[in-house]
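Notes follow the structure.
If you're wondering where the values come from, they're calculated on a predicted model, not measured in any experiment. Ligands are counted one by one from 1 in listed order, and the atoms in each one are counted from 1 as well.
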Amino acid sequence: MVQSAVLGFPRIGAQRELKKVTEAYWAGKSSVEELFKVGKELREKNWKLQKEAGVDIIPSNDFSFYDQILDLSLLFNVVPERYSKYNLPAIDTFFAMGRGLQRPATDSSPAVDVTALEMVKWFDSNYHYVRPTFSKGVEFKLNGSKPIDEFLEAKALGIHTRPVIVGPVSYLFLGKADKDNLELEPITLLEKLLPVYAELLAKLKEAGADTVQIDEPVLVLDLPAEVQAAYKTAYEYLATAAAPKLILTTYFGDIRPNLAAITGLPVAGVHADFVRVPEQLDDVVSILAPEQTLSVGIVNGRNIWKTDFAKAIEFVNSAIAKVGAERVIVATSSSLLHTPVTLASEKKISSEIKDWFAFATEKVTEVVIIAKAVTVGVESVADELAANAKSIAARGSSSITNDTAVRERVSGITPEMAKRKSPFADRLAAQKKHLDIPLFPTTTIGSFPQTKDIRVFRNKFTKGEISAEEYEKFIEKEIEMVVKFQEEVGLDVLVHGEPERNDMVQYFGEKLNGYVFTSNGWVQSYGSRYVRPPIIAGDVSRPAPMTVKESKFAQSITKKPMKGMLSGPITCLRWSFPRDDISAQMQAEQLALALRDEVNDLEAAGVYVIQVDEPAIREGLPLRAGAERDDYVKWAVESFRLATSGVEDGTQIHSHFCYSDLDPNHIKALDADVVSIEFSKKDDPKYIQEFSEYPNHIGLGLFDIHSPRVPPKEEFVARINDILSVYPKENLWINPDCGLKTRGWAETKASLQNMVDAAKEFRASVSV
Ligand code: GLN
Ligand code: ZN
């Protein structure tokens with residue numbers, strides 16, 4: 001019998017119960033007992049749901065109050081002294097590591113003030129994990145029993161689970177050395193860490209676990225030789241009679257380049273992601289010993305589309321033909337953590353489109369059906385297969401997914417469309433004539449504080465409690481206030497402040513054809529922060545201008561240049577659930593054409609500075625260097641240029657990036673007239689060099705918008721001086737790191753005033 005397996009289930013709850021209780025706990029409004037109770041209820045609900053659906057292999061320890069990697073750090077005692085010194089209850093140390101903790105002294109405890117550990121993107125997903133941080137005194141030991149407790153908790157419910165644990169090589173490789181220990185390479189800690197893993201595994205076996213899902217996702221990355229070699233050391237050490245069987249689990253990519261590292265390991269089986277890389281089947285099979293299991297990840301854990309049963313069954317059958325049914329498991333490609341909990345609460349999506357979707361709960365059933373089809377035979381699930389075939393066919397032939405006008409426009413794209421009319425030098429000359437922009441020009445990245453007032457008004461409007469006219473009036477007043485403020489402070493290139501935008505992608509999605517929105521499709525991004533990604537369901541086009549009204553209004557009330565503000569094609573694509581029936585490139589092209597019309601319309605409306613934000617371009621980079629990555633860079637750059645190249649030389653195109661770990665060559669290829677890059681946290685002077693070859697104009701972010709701290713003018717002056725030692729003054733813009741929407745007005749005003757005053761000082765010193 002081919003077994004069905006789920007690699008992990010969303011822990012947030014269908015009604016975001018986890019967020020509600022953790023935030024209440026942090027606010028002191030909920031007891032620790034209440035917190036634990038809700039956690040337990042969520043786990044129980046998820047296990048039962050999977051059990052009732054008929055899943056054979058149900059995960060445990062996929063639950064976390066914050067992050068599963070942070071769980072491991074606490075469990076292995078990887079707790080830097082700055083946290084442990086307070087002797088807080090374990091759960092509070094855990095949260096302090098995840099999100100920092102600042103609290104005044106009380107009668108019974110001293111004041112606490114500690115920042116969070118670094119948070120990093122989980123591979124190419126939008127989930128973030130808390131980075132294991134190894135300080136000098138790190139002493140591994142088993143510091144708790146969470147995986148065992150949760151296994152026993154399920155067992156008490158009559159549910160036999162397969163615990164999930166991230167394996168030692170990935171755990172170390174995903175970590176970093178702490179500030180006090182910078183010369184340390186985490187992988188060198190392997191031998192010290194292994195006994196603790198062994199102890200944990202033995203305890204799980206004692207508790208009754210026969211198999212453990214041991215995740216080694218770093219196998220999809222480019223690994224240094226010593227990390228590859230660590231697999232043999234680790235898994236030979238762990239394979240003792242005291243340990244349960246291990247299924248070595250990978251996801252999100254191609255493990256072929258690292259197959260040598262896992263060939264011959266004493267594990268019970270290997271799981272690979274065949275949704276992402278079906279081509280790796282033969283090679284993965286080729287390294288398996290005759291007794292090893294193949295777990296076939298075939299139901300996509302990263303997207304919301306129904307699985308095409310016919311195709312999936314065919315694929316699993318081809319795996320069975322190679323290794324035999326008794327060695328195959330049908331599984332989700334990865335944990336379902338990255339998908340919304342259930343489609344059941346979506347009442348607003350049209351029934352035509354809803355029929356194309358499967359969220360986590362529905363995917364659980366899909367795995368079971370596929371396993372049954374390949375074991376008992378397709379007749380046993382004939383109704384399910386027929387219904388599925390009908391949905392897949394309906395989606396394929398729907399006019400929503402096949403907009404002829406959009407398709408024709410995409411095929412008509414020419415290389416010329418992605419080129420500005422003239423080289424940068426000529427454009428700059430035209431812009432100098434056309435726009436009144438001084439030396440050391442000051443600007444902001446787009447948004448101004450999104451006050452409670454704004455959110456309340458937007459909510460009322462969404463609920464229909466106020467009319468469109470009233471809402472529009474309100475937005476105009478906000479814009480007037482922001483424009484007046486910028487003039488008073490003395491900024492040079494103004495923005496309208498984005499008060500009308502809920503989110504930089506959702507706002508555009510709602511105005512484009514082809515996008516669909518969920519009411520409750522939350523996905524954990526980090527800790528208690530969840531996002532509700534829009535879904536690209538069909539061909540994308542722009543039925544009408546999206547931002548022209550606000551930008552034109554803003555320009556009409558000032559003589560200073562107004563900067564129009566758009567989200568770029570890659571950002572709109574990456575921060576949505578993309579289609580799986582056409583390529584990412586084609587989706588980016590469709591978005592780029594829609595944005596190109598918007599850019600041109602802004603220009604026609606008299607807005608001659610236009611910023612197209614691409615913060616997501618970096619994270620879209622394929623995980624491994626090589627052909628796939630080069631190809632991505634090519635079409636990602638092309639789509640940005642396609643969106644921005646329809647304008648005259650005198651119109652100035654800006655772009656913006658929220659990270660600075662960018663490849664300067666990629667930025668250069670965009671050929672934007674001005675780029676702004678988050679930079680304030682780069683304090684090592686050598687980093688300032690990084691973008692010094694950028695031939696056009698550049699603004700290195702001068703203050704951190706995540707913090708309410710107000711840098712004094714002297715700090716801006718010193719920083720600008722540092723930058724000027726490397727960059728020509730003619731090329732330099734003066735701006736913050738990113739948009740100011742999460743800031744309050746008080747610090748926004750003070751910081752911008754100091755920034756502008758610093759710029760004026762430089763301007764004055766040049767003109768004398
Ligand atoms: N223009 C956007 C803003 O200022 C940019 C946001 C971003 O880069 N993440 O809010
Ligand atoms: Zn940004």
Side-chain angles (χ1 to χ4, degrees), residues 119 121 126 128 442-451 454-455 458 475 478-479 482-483 485-486 491 493-509 525-526 529 531 533-534 546-547 550-551 554 562-576 595 598-599 602 607 609-620 640 643-644 652-662 667 670 672 674-682 691 698-707 733-745 747-748 751-752 755:
M119 193 168 70
K121 261 183 183 288
N126 225 339
H128 302 70
T442 54
T443 191
T444 61
I445 306 306
S447 56
F448 270 89
Q450 288 250 338
T451 54
I454 295 182
R455 284 196 302 270
R458 186 182 304 132
I475 294 295
E478 284 291 316
I479 295 175
V482 166
V483 169
F485 161 75
Q486 294 173 88
L491 282 147
V493 173
L494 311 194
V495 296
H496 76 284
E498 305 179 22
E500 77 289 8
R501 303 191 189 172
N502 37 15
D503 168 273
M504 68 183 291
V505 173
Q506 190 181 343
Y507 182 77
F508 288 91
S525 172
Y526 62 88
R529 188 169 156 81
V531 293
M546 303 182 282
T547 65
E550 289 80 9
S551 289
M562 177 60 55
K563 183 160 68 165
M565 198 60 60
L566 305 173
S567 299
I570 300 298
T571 300
C572 289
L573 175 68
R574 290 285 316 171
W575 291 354
S576 308
L595 288 163
E598 187 72 15
V599 170
L602 280 169
V607 178
V609 182
I610 301 165
Q611 177 172 310
V612 178
D613 294 324
E614 277 294 30
I617 205 164
R618 161 75 181 77
E619 66 183 56
F640 176 88
T644 53
Q652 188 170 68
I653 297 292
H654 289 226
S655 189
H656 164 71
F657 309 92
C658 296
Y659 310 93
S660 48
D661 56 342
L662 297 152
I667 303 305
L670 298 175
V674 182
V675 296
S676 59
I677 298 178
E678 171 169 331
F679 216 79
S680 72
K681 275 172 282 187
K682 294 257 175 178
F691 297 97
I698 188 163
L700 300 177
L702 291 167
F703 68 90
D704 179 10
I705 53 86
H706 297 107
S707 158
W733 281 66
I734 304 295
N735 51 260
D737 268 352
C738 189
L740 297 156
K741 64 171 165 250
T742 57
R743 290 273 52 85
W745 268 106
E747 67 263 21
T748 296
S751 299
L752 288 177
M755 184 185 90

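- Shown here for Glu614 and Ile570, the closest heavy-atom pair between the two residues is OE2-N, 2.9 Å.
- In plain terms, the two heavy atoms of Thr444 and Gln486 that are nearest each other are OG1-OE1, 4.3 Å.
- Contact atoms of ligand 1 toward Cys658: 7 (C), 8 (O), 9 (N) (distance under 4.0 Å to a heavy atom of the residue).
- Less than 4.0 angstrom separates some heavy atom of Gly446 from each of these atoms of ligand 1: 4 (O).
- Each of the atoms 3 (C), 4 (O), 10 (O) of ligand 1 lies under 4.0 Å from some heavy atom of Ser447.
- Inspection of the Asp737 and Ser680 side chains reveals an N or O donor paired with an N or O acceptor under 3.5 Å.
- For Ile445, a nitrogen or oxygen atom sits less than 3.5 Å from a nitrogen or oxygen atom of ligand 1, counting backbone and side chain alike.
- The pair Glu619-Lys121 meets the salt-bridge criterion, since a charged nitrogen lies less than 4.0 angstrom from a carboxylate oxygen.
- The only option from Lys741, Arg458, Arg743 that meets the side chain to side chain donor-acceptor pair (under 3.5 Å) definition with Gln450 turns out to be Arg458.
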Phe485 vs Val483, side chain to side chain contact (heavy atoms under 4.5 Å, CB included): CA-CA, chis, key distance, verdict: CA-CA 5 Å; Phe485 161 75; Val483 169; over 6 Å; no
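- With ligand atoms numbered from 1 in the order given, ligand 1 contributes 3 (C), 4 (O), 10 (O) to contacts under 4.0 Å with heavy atoms of Gly739.
- Among all protein heavy atoms, the one lying closest to atom 5 (C) of ligand 1 is Asp613 OD2, 3.3 Å.
- Taking every non-hydrogen atom of Lys741 and a distance limit under 4.0 Å, the qualifying atoms of ligand 1 come out as 10 (O).
- Atoms of ligand 1 found under 4.0 Å from any heavy atom of Met504, numbered from 1 in the order shown, are 6 (C), 7 (C), 9 (N).
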Assess the residue pair Val505 and Arg574 against the criterion (side chain to side chain contact (heavy atoms under 4.5 Å, CB included)); give the C-alpha distance rounded to whole Å, side-chain angles, the decisive distance to 0.1 Å, and a yes or no. CA-CA 9 Å; Val505 173; Arg574 290 285 316 171; over 6 Å; no
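- Contact atoms of ligand 1 toward Met565: 1 (N) (distance under 4.0 Å to a heavy atom of the residue).
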Stepwise, does the side chain to side chain contact (heavy atoms under 4.5 Å, CB included) test hold for Cys738 with His656? CA-CA 8 Å; Cys738 189; His656 164 71; 3.6 Å; yes
Derivation and outcome, side chain to side chain contact (heavy atoms under 4.5 Å, CB included), residues Trp575 and Gln506: CA-CA 9 Å; Trp575 291 354; Gln506 190 181 343; over 6 Å; no
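- Every atom of ligand 1 with a heavy atom of His656 under 4.0 Å away is listed here by number and element: 8 (O).
- Between Met546 and Leu595, the shortest heavy-atom contact is CE-CD2, 4.2 Å.
- Ring geometry, Phe448 versus Trp745: the interplanar angle falls under 30°, so the pair is classed parallel (tilted spans 30 to 60°).
- Any protein N/O/S atom under 2.8 Å from the Zn ion (ligand 2) was counted, giving 3 altogether.
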